[in-house]
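These numbers come from a predicted model, not from an experiment.
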Amino acid sequence: MHELAVAKRIARVVVDCARQNRAAGVTDIYLRIGALRGITGEWVRRYFVYASRGTVAEGALLHIDRVPGSVICRCGAVTPLEPGHLDDVACRECGGTELRLWSGREFTLVGIGVREKGGLENERHPID
């Protein structure tokens, strides 16, 4: 059910962005989601169909880039996190255990593809 709220929020943001840019429709939505977010891309896609129904985003394709989890050590080395081994992580360079999360918690709307009034499709529009 967490993904339903996420899908509704994505739809709301995309529709607002499309309206502000006077787009006739949204063709593609590009997301970057960290592996540690606990969000299943397949369920976001399924719920997005429901959340976008009747809006300019209805029928848009969701492109989800999954970002793997990693930590950074005081020595500067980045160590990937392996699922199921989050409690015993050490730096792969120096063996240190003073680590900070480096990636894996992202949730970013990277861009949307729109159809302009008159039927032309634009290229991807980055979202800042």
Check step by step if side chain to side chain contact (heavy atoms under 4.5 Å, CB included) holds for Val114 and Asn21. CA-CA 9 Å; Val114 298; Asn21 289 284; over 6 Å; no
Close side-chain approach of Ile29 and Leu31, heavy atoms under 4.5 Å: yes
For Trp102 and Val78, the nearest pair of non-hydrogen atoms, with its separation, is CD1-CG1, 3.7 Å
Counting neighbours of CZ on Arg19 that are heavy atoms of other residues, nucleotides or ligands and sit closer than 6.0 Å, is the number greater than 12? no
At their closest point, which heavy atom of Val56 faces which heavy atom of Ala24, and how far apart are they? CG1-O, 3.9 Å
Would Leu99 end up clustered with Leu36 when hydrophobic side chains under 4.5 Å apart are linked, directly or stepwise? yes
Non-hydrogen side-chain atoms of Asp28 and His63 separated by less than 4.5 Å: yes
Within-4.5 Å side-chain heavy-atom neighbours: Val71 and Leu81: yes
Ignoring hydrogens, what is the shortest heavy-atom contact between Cys91 and Ala77? Give both atom names and the distance. SG-CB, 3.7 Å
Between Ser70 (side chain only) and Thr79 (backbone N and O only), is there a donor and an acceptor less than 3.5 Å apart? no
Can you find a heavy atom in the side chain of Ile33 that is under 4.5 Å from one in the side chain of Arg66? yes
With the threshold set at 4.0 Å, does a side-chain nitrogen-carboxylate oxygen contact exist between Glu98 and Arg74? yes
Where Arg115 and Thr27 come nearest, the two heavy atoms and their spacing: NH1-CG2, 3.9 Å
Does some side-chain heavy atom of Ile10 sit less than 4.5 Å from a side-chain heavy atom of Phe48? yes
Taking all heavy atoms of Val26 and all of Ala57, pick out the closest pair and write down the distance. CB-CA, 3.9 Å
Please check if Leu109 and Val44 belong to a single hydrophobic cluster, counting links between Ile, Leu, Val, Met, Phe, Trp and Tyr side chain heavy atoms closer than 4.5 Å. yes
When hydrophobic residues are tied together by side-chain contacts of less than 4.5 Å, even through go-betweens, does Val13 share a cluster with Phe107? yes
With a 4.5 Å cut-off on side-chain heavy-atom distances among I, L, V, M, F, W and Y, is there a chain of contacts connecting Val67 to Val110? no
Side-chain heavy atoms of Glu106 within contact of Arg37, under 4.5 Å: no
Side chains of Pro68 and Ser103 in contact at under 4.5 Å (non-hydrogen atoms): no
How close do Val89 and Thr97 get, heavy atom to heavy atom, and via which atoms? O-CG2, 4.1 Å
Out of Thr40, Ile64, Leu61, which residue meets the side-chain contact (heavy atoms from CB on, under 4.5 Å) rule with Arg45? Ile64
So do Arg92 and Cys73 actually touch side chain to side chain, heavy atoms under 4.5 Å? no
Roughly how far, to the nearest 0.5 Å, is CD of Glu3 from CZ of Arg46? 11.0 Å
